[in-house]
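Here is the naming used below: chain letters follow the sequence lines, and residue numbers restart at 1 for every chain.
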Amino acid sequence: MARLAVALSGGVDSTLAAWLLKEAGHELLGLTLDLGSHSQPGLAAAAKAAQELGIAHHVVDVHKAFHNQIVRPSLLAYNQGLTPNPCACCNASVKIPFLLNEARAHGCTGLATGHYARLLNSGSQLFLAEALDASKSQAYFLARLNPHLLPFLHFPLGDKTKQEVRAMALSLGLSAAASKDSQDCCFVPPEGFGALLQRYDKPRPGAIENSQGKVLGSHEGLHNFTVGQRRGLGLSAPRPLYVLRLRAERATVVVGHEEELWQSLVYGRQYLDYGQPMNNEPVSVRLRYARQGIMCKSITHKGGTVALELQTPSKGVAPGQLMVFNQGSMVTGSAFIYRPDDE
RNA sequence: UGGGGCGUCGUCAAGCGGUAAGACCCGGGUCUUUGGAAUCCGUAUUCGUAGGUUCGAAUCCUACCGCCCCAG
């Protein structure tokens, strides 16, 4: 059996993925990323998991790349009124590439991770695809991967449910079985990222206005808001107010009622094309993680941008977030949401 | 001190004689490998105080207390 690298975070998913591969007879090398400041507990958990599995383990220090390519740009994006997608960017430009490089340097033929996603063939082409358990699928966060990397990846959990994984880990007595699901952005400290932001830029306070331009109040920093947000505005009104959009130039937060949040026209840029599968499924788009795809009425490509008309309006579409296109379970492309009139 | 206005949940606030809306904040739950995001539930037996009118008052009347504005 081929020598394979497996990404070990110390959590239940990656540990069980490794176990499954080992059971299948692979010779494994566990790899863990050191992302910098809050990663010590994870490193220890990963080392323990490797020890329990009886596999070799290396730590790869990528804190510089992580910081320069993910942390800093994300914080700056927040300050520009965008809502970045650090996890998707991290998978594509830090996690997977660095792990795969390290894997190759150790003579491994590929890299396995504990993501809930699949790789499916259509015609002669390999596609990234949603996990069998669509509700837990993480293909969304992998949809910025360079398609040339797909043939070297393995997702052993793609046909498992989270429940199965946890139950197996528990019955095997793996200590990772008790680990909590990770959640929230991994680099945000408990105090919030306001403090982190101070290191690169200043918070940008400004006015809170309604869509007619009437000033209703003020806020402490644009980075505290995202489109669709309700809490944190501190304004009392006859009906709840939501953030409709963030105007970067003057750091203005525009608010309005829930019904003003729905939209059918959505624009994306930096389109990444994954190709055309053989199935004839209609194209749907996910405008955020943990939401079902929405059918597209029309899709217009122009340069690297894409203009969509949705069949059913969507609420709280936030510029900066990733849009991921599907045909059936196959991922066919992705782009970053933007508003043409913001330019 | 005269004249006017106002006192309803921690905050903003509806109510205008028929038995306390709503929002914010806060607390708790759900969701979540992006969004200090979303979502759900909870939160004043009581309306500045004391009397009075009424079957019934936060709503009307009287007094007192407090705050604000205009005069001076």
Nearest-angstrom distance from the residue atom [atom1] of [X] to [atom2] of [N]:
| X | N | atom1 | atom2 | value |
| --- | --- | --- | --- | --- |
| A:F187 | B:U33 | CZ | C1' | 12 Å |
| A:L216 | B:C12 | CG | P | 17 Å |
| A:Q321 | B:A37 | CD | P | 14 Å |
| A:H115 | B:U34 | NE2 | C1' | 12 Å |
| A:K136 | B:C31 | NZ | P | 9 Å |
| A:L196 | B:U34 | CG | C1' | 15 Å |

(request) Could you identify which residues cluster with A:V59, counting Ile, Leu, Val, Met, Phe, Trp and Tyr as linked when any side-chain heavy atoms lie under 4.5 Å apart, either directly or through a chain of such contacts? (result)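 Members besides A:V59, by chain and number: A:L43.
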With a 4.0 Å limit, can you tell me whether [X] has a side-chain N or O closer than that to the phosphate oxygens OP1/OP2 of [N]?
| X | N | result |
| --- | --- | --- |
| A:R230 | B:C24 | yes |
| A:Y242 | B:U39 | yes |
| A:Y140 | B:U34 | no |
| A:R231 | B:A37 | no |

(message) Keeping A:N79 on the side-chain end and A:K202 on the backbone end, is there a donor-acceptor pair under 3.5 Å?
(response)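 Between the backbone of A:K202 and the side chain of A:N79 there is a qualifying donor-acceptor contact (under 3.5 Å).
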(message) Taking B:G29 as the reference, what is the distance to B:A13 when you measure between their P atoms (whole Å, please)?
(response)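 Straight-line distance between the two P atoms is 32 Å.
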Checking all strands, does [X] fall into the base, sugar-phosphate, or nothing category for heavy-atom contacts under 4.0 angstrom?
| X | value |
| --- | --- |
| A:Q138 | base |
| A:V227 | base |
| A:G232 | sugar-phosphate |

(message) Can you work out whether A:F141 or A:G228 has the more 5'-proximal nearest nucleotide on RNA chain B?
(response) A:F141
[X] side chain, from C-beta outward: closest of [options]:
| X | options | result |
| --- | --- | --- |
| A:S236 | B:A37, B:G22, B:U39 | B:G22 |
| A:Y289 | B:C24, B:G35, B:U33 | B:U33 |
| A:A237 | B:A37, B:U34, B:A23 | B:A23 |

Which one is paired to [N], where only Watson-Crick or G-U wobble pairs with both distances under 3.5 angstrom count?
| N | value |
| --- | --- |
| B:U1 | B:A71 |
| B:A14 | none |
| B:G7 | B:C65 |
| B:A20 | none |
| B:U45 | none |
| B:C60 | B:G52 |

(request) Using a strict 4.0 Å threshold on nitrogen-to-oxygen distance, state whether A:E259 and A:R239 make a salt bridge. (result) yes
(message) Any salt bridge linking A:R286 with A:E130? Criterion: basic side-chain nitrogen under 4.0 Å from a carboxylate oxygen.
(response) yes
(message) Students often mix this up, so state it plainly: with edges at 30° and 60°, are the rings of A:H219 and A:F225 parallel, tilted or perpendicular?
(response) perpendicular
(request) Assign the ring pair A:F141 / A:Y289 to parallel, tilted or perpendicular, where the plane angle (0 to 90°) is split at 30° and 60°. (result)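 It falls in the tilted class, 30° to 60°.
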(request) Using a cut-off of strictly less than 4.0 Å between a heavy atom of the residue and any atom of RNA chain B, enumerate the qualifying residues of residues 81-103 of chain A by number. (result) A:T83, A:P84, A:N85, A:P86, A:C87
(message) Among residues at least two apart in sequence or on other chains, which ones pass salt bridge (Lys or Arg N to Asp or Glu O under 4.0 Å) with A:E258?
(response) A:K315
(request) Would you please indicate if the ring centroids of A:Y78 and A:Y200 are separated by under 6.0 Å? (result) no
